[in-house]
Structures are given as structure tokens and as C-alpha cells.
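Input: a single structure, listed below in C-alpha cells.
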Amino acid sequence: MSGFITFDLTTGYYCLQLSMDLKKLSYHSILFILLLLSYLSALANDRIDSMKVAIENEHDLNKKAQLYFDLSLEYKGFDLEKSKKTARQALLLVEKSEDDPIKGLLHAHLGDIAFLQDSLNKAGKEYDIAIPLLQQTGDYHRLIRVYMSLGNRFVEKGNFPEAMDYYLRGLSLSEETGDSTYLPNLYNNLGVVYINLSDHQKALEYYTRALPLFEKIHDTMNIAGATTNIGSIYIQLNEYNIARQYYQNGYEIFKSINLIGGQAHALFKLGLLDKIQHRYQDALKNLFESRQLQQSSGANAPGSKSMFLAETNINIGIVYLLLDNYEEAEDYLQSGLLLAKEGGQASLISLAGEHLSKLYKTTGNYEKALEYYTLYKVYSDSLFNEENIKKLARLELQYQFDAKIREADMSRIEAEQRRKRLTFMYIGTTIGLFLILVIVALLLKLEKNKKKEVELERGMLVEKLDHTNKELTTYVMYLLKKNEFILTIIEKLKKARLDAKPENKKVMAELISELQSNTDTISWEEFEVRFQQVHTDFYSKLSKQFPDLSPNEIRLCAFFKLNMTSKEIAALTYQSLNSIKVARYRLRKKLELDKNENLVSVLAQF
């Protein structure tokens with residue numbers, strides 16, 4: 001069985017136990033605890049003595065039965081046998097007087113005692129008698145608790161359809177009556193049913209409903225239980241690290257409230273996880289610690305003592321079998337099987353039979369291997385048959401139908417209140433819509449104004465860029481014309497120099513040289529300044545990507561950036577057209593361009 005079943009704390013089963021290490025306590029602390037326990041014991045004895053005197057002096061059968069019932073409740077906290085005996089005495093008096101209200105309570109009380117004594121079948125019989133009596137008297141609070149206890153009984157026996165039936169009855173009655181006392185417990189226990197039916201999403205849904213309700217009422221024990229249960233879901237989802245975290249968190253919470261049963265449950269789960277992850281020594285350590293806690297006083301959940309111990313023993317046996325320790329494996333598997341048979345736990349009988357069959361087959365005892373394999377098949381085939389699945393589906397549908405009926409009833413009750421709220425809703429909606437429209441109008445206006453400002457600013461930038469580009473183009477054309485004019489003058493001077501007098505030839509040569517030198521320097525410096533005003537980061541981007549480019553090659557890239565032809569560049573730089581073509585070829589090679597790539601298009605990207 002997977003999952004931590006939650007129980008009613010008023011049964012007196014769960015209580016903080018003084019199992020702390022006395023060596024860690026001071027002498028004064030121990031003395032104080034002993035005195036406190038003595039004082040509480042004296043108070044309880046005084047109450048019991050007073051009740052006994054009242055019973056002797058009472059002659060009315062109904063009142064006397066009630067006093068016996070009260071005395072039985074008093075005994076329940078520390079002596080279950082006396083509590084049962086006293087309740088039976090009360091029941092004898094009630095049957096004589098035919099007092100039905102207290103009769104239902106007494107049978108439910110005897111069911112609780114049987115549960116605490118691990119007598120699941122007796123508990124079921126008492127609860128079955130109590131249900132019609134409690135329905136008759138309208139004691140729905142107690143009836144919900146009985147349904148939950150019966151559900152727990154069937155979970156312990158591995159009969160999950162019957163368990164779900166009783167849990168859903170309790171859930172339905174809780175919602176009908178508005179009694180939420182046991183609601184978180186019912187949600188949690190339905191999660192346990194679903195996880196055992198391998199419906200992990202449904203299980204997670206019910207656990208997540210239960211957890212905040214436990215937190216709301218500060219129920220630390222069941223917070224820990226729900227946390228551990230969520231860990232079991234992550235086991236099924238193969239999220240082992242997450243599962244381990246939830247189990248360890250649950251263990252720490254149980255430990256913080258000194259709840260031995262919860263610690264045993266969490267350690268058991270950690271042991272199963274270790275087994276799955278092939279950490280067999282860790283598995284044995286956790287399982288044995290759990291077993292030791294279970295065998296200590298009051299360490300098991302109500303009604304699950306033998307079943308929990310059976311499951312622990314069986315899993316210890318399985319781990320020993322995995323470690324090839326056949327002697328220990330046989331002892332623990334047989335011990336677990338015996339307890340499972342006593343409790344009528346079909347799934348555990350099946351599990352023990354399966355592994356005993358494997359053990360005897362491995363050790364060569366084929367007769368016993370067949371015997372236990374047959375046992376395994378008989379019980380495994382009986383689990384989760386088609387009828388159970390159909391019954392679960394019917395129960396789900398019935399619950400959903402009942403929920404719709406309750407919804408309709410609640411709708412009729414709330415109809416008047418809704419009508420009263422409608423007027424306020426209409427007014428509120430109208431005001432809200434008006435405010436929304438005003439806000440939307442203001443936002444649209446602001447957006448429109450902002451859009452206009454952005455467009456205007458963008459237009460100004462585009463206009464400025466166009467103007468600057470025109471200026472740069474004009475300047476380039478001016479340089480071209482100027483260079484053409486200077487070239488013409490230089491050519492004329494060269495021709496005139498041929499026919500000039502010797503004394504003038506030297507002057508003319510110096511003039512030609514000066515014209516060429518000054519024109520090149522001034523033209524390039526002026527061009528560079530204007531070019532960078534328009535294309536600010538062209539040089540830096542180009543140099544960063546191609547650091548090996550020479551100054552002349554960078555200058556050539558700038559001209560191509562302006563989409564100038566080789567002829568125009570030759571005229572501007574005072575070089576021959578052939579020189580420019582050779583320079584262009586070398587530039588393409590340095591830029592690693594393919595034949596199909598356009599140089600001007602590539603440079604336009606910088």
C-alpha cells in the first residue's frame with residue numbers, strides 16, 4: 001500500500017511521545033516531566049473514580065449508559081481493553097432501554113477501539129451497525145468519521161474500490177452539511193487510493209487539495225503525511241531526487257513533533273526508494289530503522305500494525321534476495337507473508353508469494369517455487385479486475401452527479417442573494433467601463449502624440465542625412481572637376497615645357513610637381529572629414545573586421561561605399577584607370593569575396 005493514511009486525532013492514538021534521549025535531558029527536566037505525568041495521571045484517576053461513583057448512584061438506564069460511555073472514552077486514551085469492556089456494559093443498558101442515539105455512537109466507538117487494536121474485521125462490523133443508527137439520528141459529524149474509518153479499513157485490506165466508495169460518501173456528506181472537519185483527511189486518503197490505482201494526476205490533485213487545508217489548521221502531523229505522499233507520486237514519475245527530498249522533508253517534520261509512526265512511514269518510503277535505485281545497504285538500514293520504530297510502543301497508524309510490519313518484512317526479504325542472502329530473505333518473506341495472511345492483505349500476499357517463488361527457484365527447490373508461484377497468481381489475478389474498474393467508474397460518475405445536484409440546490413439558495421448583488425454589479429460594471437473608456441482614450445491620445453513626435457523626429461533625421469549625402473556627393477563632384485581641371489593644366493604645362501626655353505623648363509617642372517602634391521593632400525583630408533560626418537563608424541567597423549587593410553585600400557573602400565566607378569576614382573585620386581582596377585582586384589581578394597559577390601553591396605553593409 002502506497003501513501004500515508006490520515007486519521008482523526010480525537011481517537012487518542014496519535015500523541016506526542018516522550019521517546020527523546022533521556023541522556024540529553026537535565027536532572028531537573030526529567031524530574032519536571034515525571035511530576036507532570038504523575039499529576040496528569042492523578043487527575044485522570046480522580047475523574048474515573050468520580051464517574052464510577054456516579055454510575056453506582058444512577059438508576060436511570062439511559063443516564064447510566066451515558067456515564068458508562070463517558071468512562072469508556074476516558075479509558076480509551078490508555079487502556080483499550082477497559083474502554084471496550086465499559087462500552088459493552090453501556091451497550092447492554094442501551095439495548096434494554098432502546099436508546100437509539102447513543103447506540104449508534106457506542107457502535108462507532110467500539111469500531112474505533114477495534115481499529116486501534118488492529119482488528120480490522122471487527123471494526124468493519126461495528127461500523128456497519130453504527131451507520132444506519134447514525135443516519136437515523138442525524139449525527140452526520142460522527143457518520144462522516146465512520147465513513148472515513150471504513151475507507152481506511154478497506155485501504156488496509158487492499159480493496160480500493162470499497163475504500164473509495166466510503167471516502168466519497170464521507171466527502172459528499174461533508175459538502176452537503178458544510179462540516180469540513182474531516183475534509184483534508186478525506187482528500188488525502190482519496191489521493192492514497194488513486195496512487196495505488198496508478199492514477200498519479202488524480203492522486204496529486206487530491207494531495208494538493210489536502211495540504212493547504214492541513215496547513216490552515218496547523219496540523220503538523222498530516223502536513224508531514226501529505227508531503228510524504230507527494231513524494232510517492234514522484235517515485236511513480238521516476239523523479240527520484242525530488243521524491244527523496246519530499247520523503248526527507250516529511251521525516252524531518254515527523255521527527256520535529258516526535259511522531260514515531262510518521263518517522264517509521266517516512267523511513268520505510270526512503271528504504272523503498274533506495275531499493276529502486278539499487279542502494280541495497282541504505283535500503284536495509286532505512287527499512288530496519290522503520291521496523292524497529294514500528295515495533296516500539298504506539299508506533300503504528302491505527303488498524304495498520306500487522307499490515308505495515310508485513311510490508312516492511314516483505315521488502316527487507318526482497319532486498320536480501322537481491323543481495324543473494326537467501327536465508328535472511330526466506331525468513332523475512334515468510335514472516336511478512338504470515339502477517340499479510342492474518343490481515344487478509346491480497347496485494348502483500350501476492351508480493352510475498354512472487355518473491356518466495358523466485359527464491360526457491362534460484363535455490364533449486366522447484367516444488368516450493370511452484371507452490372508459491374501458484375499463490376502469487378491466485379492473489380495477483382484477483383486484484384484490480386474488470387468489475388473493480390467498472391465500480392470505480394460508477395462511483396466517480398455517481399459522485400459527479402451528486403455534486404451537480406448539490407450545486408443546483410446551492411444555486412437555488414443563492415439565487416436571491418445574486419439578484420440583490422446584480423444591481424451593485426451593474427452599477428460597478430458601468431462605472432468600471434466608463435473609467436476604462438476614459439483611460440483607453442487618454443492612452444490612445446498619448447500614443448498618437450508620441451507616434452507623431454517619433455515620426456517627425458525620424459523625418460528630420462532622414463532629411464538631414466539626405467542633405468548631408470547630397471553635400472558629400474556635390475563635394476566629390478567638385479573634387480572630380482577640380483582634379484580634371486588641374487590635370488588639364490598639368491598636361492598643357494607638360495606640352496609647353498617641351499618648347500620652353502631651358503631656363504623656364506626647371507620652373508615649369510617644379511610647378512607641375514607642386515600642383516600634384518598639394519592637390520592630393522588637401523583633397524583627401526577634406527574628403528575624409530566630410531565622409532566621416534555622414535558615415536561615422538564605417539572606418540572602425542571595416543578596420544575591426546579586416547585589420548590588414550592599408551590606408552589606400554580603406555580610402556578605396558570609402559569611394560566604393562559612395563558607389564563611385566573606377567573611372568571616377570581614377571580621376572579623383574590622380575591615378576590611371578588600370579591602377580584602380582588592379583587595386584580593386586587586390587581589395588576583393590583581401591575581403592575574401594567570391595566571384596558572384598558584389599563589392600559595392602558588401603561595403604554598403606558597413
Side-chain angles (χ1 to χ4, degrees), residues 1-16 112 115 139-152 154-155 160 163-197 199-234 242-243 245-247 249-257 259 261-262 265-266 269 301-304 395-396 399-400 402-403 406-407 410 414:
M1 188 268 292
S2 298
F4 180 85
I5 292 288
T6 59
F7 297 87
D8 173 28
L9 296 182
T10 59
T11 60
Y13 185 83
Y14 283 123
C15 59
L16 294 180
D112 289 343
F115 228 124
D139 191 346
Y140 299 119
H141 178 79
R142 180 68 184 187
L143 185 57
I144 294 166
R145 180 177 160 190
V146 168
Y147 283 144
M148 186 174 73
S149 297
L150 276 166
N152 295 345
F154 284 109
V155 165
F160 299 111
M164 181 179 282
D165 184 14
Y166 283 108
Y167 288 148
L168 289 177
R169 287 191 203 181
L171 189 60
S172 177
L173 194 56
S174 293
E175 291 174 354
E176 282 177 17
T177 59
D179 186 342
S180 61
T181 308
Y182 303 110
L183 205 54
N185 305 76
L186 288 164
Y187 284 147
N188 180 84
N189 296 357
L190 279 165
V192 172
V193 169
Y194 277 112
I195 200 171
N196 280 281
L197 296 173
D199 191 340
H200 308 128
Q201 291 303 322
K202 274 281 188 184
L204 190 58
E205 177 188 331
Y206 278 108
Y207 287 151
T208 50
R209 285 188 196 178
L211 191 55
L213 294 177
F214 285 135
E215 289 171 346
K216 187 177 180 181
I217 59 175
H218 307 292
D219 187 345
T220 309
M221 181 197 73
N222 283 321
I223 291 170
T227 301
T228 308
N229 288 343
I230 291 171
S232 297
I233 292 177
Y234 284 108
I242 299 174
Q245 189 61 53
Y246 273 101
Y247 284 156
N249 289 346
Y251 174 73
E252 292 301 328
I253 298 171
F254 281 130
K255 194 173 181 181
S256 70
I257 59 173
L259 188 64
H265 181 82
K269 288 296 183 182
S304 68
L395 289 169
E396 280 269 44
Y399 174 69
Q400 290 171 8
D402 291 343
R406 290 194 301 275
E407 246 182 83
M410 289 176 68
E414 292 176 357

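Worth saying up front: this structure is predicted, and the values here are computed from it rather than measured.
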Gap separating the [atom1] atom of [X] from the [atom2] atom of [Y], nearest 0.5 angstrom:
{"X": "F214", "Y": "I223", "atom1": "CZ", "atom2": "CD1", "value": "8.5 Å"}
{"X": "R142", "Y": "I144", "atom1": "CZ", "atom2": "CD1", "value": "12.0 Å"}
{"X": "E175", "Y": "L186", "atom1": "CD", "atom2": "CG", "value": "9.5 Å"}
{"X": "L173", "Y": "L143", "atom1": "CG", "atom2": "CG", "value": "5.5 Å"}
{"X": "Y187", "Y": "L183", "atom1": "OH", "atom2": "CG", "value": "4.0 Å"}
{"X": "I230", "Y": "T208", "atom1": "CD1", "atom2": "OG1", "value": "7.0 Å"}

Please give me the minimum heavy-atom distance between [X] and [Y], naming the atom from each residue.
{"X": "A266", "Y": "F254", "value": "CB-CD1, 4.4 Å"}
{"X": "G231", "Y": "A243", "value": "O-CB, 3.3 Å"}
{"X": "G250", "Y": "A224", "value": "O-CB, 3.7 Å"}
{"X": "A203", "Y": "Y194", "value": "N-CB, 3.7 Å"}
{"X": "D112", "Y": "R145", "value": "OD2-NH2, 2.6 Å"}
{"X": "G151", "Y": "A163", "value": "O-CB, 3.4 Å"}

Main-chain N/O of G170 paired to S174 side chain as donor or acceptor, under 3.5 Å
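Side chain of S174 to backbone of G170, a donor-acceptor pair under 3.5 Å: yes, one is there.
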Contacts of Y166 meeting ring-ring contact (aromatic ring centres under 6.0 Å, His included) (sequence neighbours excluded), chain-then-number -> F154
Show your working on side chain to side chain contact (heavy atoms under 4.5 Å, CB included) between I195 and Y207 and close with a plain yes or no.
CA-CA 10 Å; I195 200 171; Y207 287 151; 3.9 Å; yes
Donor on one side chain, acceptor on other, [X] and [Y], under 3.5 Å:
{"X": "T228", "Y": "Y251", "result": "no"}
{"X": "N152", "Y": "Y167", "result": "yes"}
{"X": "N188", "Y": "N222", "result": "no"}

With N229, which of L211, V192, L204 fulfils side chain to side chain contact (heavy atoms under 4.5 Å, CB included)?
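With N229 as partner, L211, V192, L204 yield a single side chain to side chain contact (heavy atoms under 4.5 Å, CB included), made by V192.
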Mind telling me whether Y182 and H141 have parallel, tilted or perpendicular rings, with 30° and 60° as the class edges?
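Tilted.
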With heavy-atom distances below 4.5 Å as the criterion, would you say the side chains of L171 and L190 are in contact?
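In short, these two side chains touch, coming nearer than 4.5 Å.
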In the structure I gave you, are the side-chain heavy atoms of D179 and Y140 within less than 4.5 Å of one another anywhere?
no
